[in-house]
Colleague: 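Provided herewith is a single structure, encoded as structure tokens, for subsequent inquiry.
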Amino acid sequence: MEITDLTVNERKRCIDAALDINGYQIRFKAEDIRSERTGTHAKIYLGVDAYLKAWDNFNIERSSDRTRLANAAHRKYPEALKQLYSANQLQHDLDMFATFIWPKWVETTTPSRVVGYTERVVPEFVLSPYIVKGGGTIIFGPPERMKTMTALTMAICVDAGLDFPFKTEASPVIYINLERPAGSMQRRLGDLNRALGLPPDRPLIMLNARGKTLAEVEDGIRKAVDKEGVKVGFLDSISRAGYGDLVDNRVANTTIDIMNGLFDSWVGIAHSPRNDATHLFGSMHFEAGADILIQLLTEYKEDDTIGVAFQVTKSNDMKRPPIDSLGYQFDEYGVSHIWKPVESDFPELLALKA
């Protein structure tokens, strides 16, 4: 029996196939498919019905590795199935599955003829004008520029579909916190919910994994995205990507690729170099990979208020919006009020609008 019917899931980055043997579903799955110097590599899973029997991560072009995996799976088959479907048959079908994997995967990147829109359309936003549908945004600035507070405000607004202080389109959100204690984020979430007119205990899907990297939590995030139907992801911060030195072009491209693969739209927090707040730290490919770049500017006042201005330094396919701002009032607990400031509230900051 040969495997000819394969299902490709680009979102989950995998290929599935199954055979029916007298009511038993023999399952094959390839994940993390990649071309390396020594050949095509992938994680291969073999199962029966809903049960995994064996898996391995190896060069799928090596016959000995495929045979070893098939034998390991077959030993765990129900005795009745073993009588119907021999180890040699499983090896043969795994061989056939392996021959289809790379050509089938290549089909997902085959060029096709694309027709331009016949009518002019304006860009669509998840959060106007800072998070474009199907794109990535990077917010950057030095320490103590309210980057996390601003990103969390945006995340809540999108998740709740608020029209103030940003105009949004309601979309399920996940906030990936890799830098701060979980308790700190829960406190901020409750305070911001109140300030935005929401119940303080309104939940937000959040991963609190301080000390871990995006590389370490990627698989868990992918599962949550699929389970919860998440459309927008917030990464706090890009410095915790974990793929290598941020000045390395390959690291920048990998980080951008992972975020593009995980989410329809995304926002990443980045830092600026120590002596230059006008651009983000790291490879230029972070800037190249983002659709919108936002430099955060702040003004602190003695009355426990902070003004935050958004200066867009890059915007693909649209004109750059004028500088806009938010005001945050703090008390002994944290944020107590959010508003749209006027020039007299933060004169130094809002003078930039002129």
Colleague: Please determine, by modelled atom types, if D16 and T7 share a side-chain donor-acceptor pair under 3.5 angstrom.
Modeller: no
Colleague: Kindly compute the distance separating CZ (F164) from CG (L326), expressed to the nearest 0.5 Å.
Modeller: 7.5 Å
Colleague: Run the salt-bridge test on R27 and D49 with the 4.0 Å N-O cut-off and return the result as yes or no.
Modeller: no
Colleague: Report yes if the side chains of V158 and F166 come closer than 4.5 Å at any heavy-atom pair, otherwise no.
Modeller: no
Colleague: I need the minimum non-hydrogen distance between Y85 and H74, along with the two atoms involved.
Modeller: O-NE2, 2.7 Å
Colleague: What pair of heavy atoms forms the shortest contact from L349 to E299, and how long is it?
Modeller: N-OE1, 2.8 Å
Colleague: Any salt bridge between D95 and R66, counting N to O under 4.0 Å?
Modeller: yes
Colleague: Output yes when R202 and D159 qualify as a salt bridge under the 4.0 Å nitrogen-oxygen rule, no when they do not.
Modeller: yes
Colleague: In terms of side-chain geometry, is the basic nitrogen of E36 or R34 positioned less than 4.0 Å from the acidic oxygen of its partner?
Modeller: yes
Colleague: After noting the C-alpha distance and the side-chain angles of Y328 and S336, does the key distance pass the side chain to side chain donor-acceptor pair (under 3.5 Å) rule?
Modeller: CA-CA 8 Å; Y328 289 89; S336 59; over 6 Å; no
Colleague: Take Y45 and F28 through the ring pair (Phe, Tyr, Trp, His ring centres under 6.0 Å) test and state the conclusion after the steps.
Modeller: CA-CA 6 Å; Y45 301 84; F28 303 79; over 10 Å; no
Colleague: Supply the atom-to-atom distance Q89 CD to I21 CD1, rounded to the nearest 0.5 angstrom.
Modeller: 7.0 Å
Colleague: Thinking salt bridges, do D324 and K340 make one under a 4.0 Å N-O criterion?
Modeller: yes
Colleague: From I205 CD1 over to E228 CD, what is the distance, rounded to the nearest 0.5 angstrom?
Modeller: 4.0 Å
Colleague: Looking at K223 and D226, is there a salt bridge between them, counting it only when a charged N and a carboxylate O are closer than 4.0 Å?
Modeller: no
Colleague: Assess the side chains of D304 and Q329: does a donor N or O sit below 3.5 Å from an acceptor N or O?
Modeller: no
Colleague: State, to 0.1 Å, how close I269 and K147 come at their nearest heavy-atom pair, and which atoms those are.
Modeller: CD1-O, 3.7 Å
Colleague: Would a 4.5 Å heavy-atom cut-off, applied to side chains only, mark T278 and F140 as touching?
Modeller: no
Colleague: Less than 4.0 Å between a side-chain N and a carboxylate O, is that true for R194 and D191?
Modeller: yes
Colleague: Which atoms form the tightest heavy-atom contact between A160 and L198, and what is the distance?
Modeller: CB-CD1, 4.0 Å
Colleague: Report the distance from atom NE2 of H279 to atom CG of L293, rounding to the nearest 0.5 Å.
Modeller: 11.0 Å
Colleague: Out of curiosity, Q91 CD to N88 CG, how far, rounded to the nearest 0.5 Å?
Modeller: 5.0 Å
Colleague: Between the main-chain N or O of E287 and the side-chain N or O of K314, is there a donor-acceptor pair closer than 3.5 Å?
Modeller: yes
Colleague: Compare all side-chain heavy atoms of P142 with those of L296 and state whether any distance is below 4.5 angstrom.
Modeller: no
Colleague: Might you point out which heavy atoms bring S35 and W102 nearest each other, and give the distance in Å?
Modeller: CB-CH2, 3.6 Å
Colleague: Say whether E179 and S239, considering side chains only, have a donor N or O and an acceptor N or O under 3.5 Å apart.
Modeller: yes
Colleague: Just checking, any donor-acceptor pair under 3.5 angstrom between side chains of N177 and N208?
Modeller: yes
Colleague: Could you tell me if the side chain of L94 sits less than 4.5 Å from the side chain of L46, heavy atoms only?
Modeller: yes
Colleague: Contact between L246 and F281 at the side-chain level, heavy atoms closer than 4.5 Å - yes or no?
Modeller: yes
Colleague: Going by atom types only, do Y300 and T305 share a side-chain donor-acceptor pair under 3.5 Å?
Modeller: no
Colleague: Mind listing the closest non-hydrogen atom pair of M318 and P123 along with its distance?
Modeller: CB-CG, 4.0 Å
Colleague: What is the distance from atom CG of D291 to atom CG of N316, rounded to the nearest 0.5 Å?
Modeller: 5.0 Å
Colleague: Ion pair present between K301 and D345, side-chain N to carboxylate O less than 4.0 angstrom?
Modeller: no
Colleague: Within the 4.5 Å heavy-atom criterion, are F234 and I176 side-chain neighbours or not?
Modeller: no
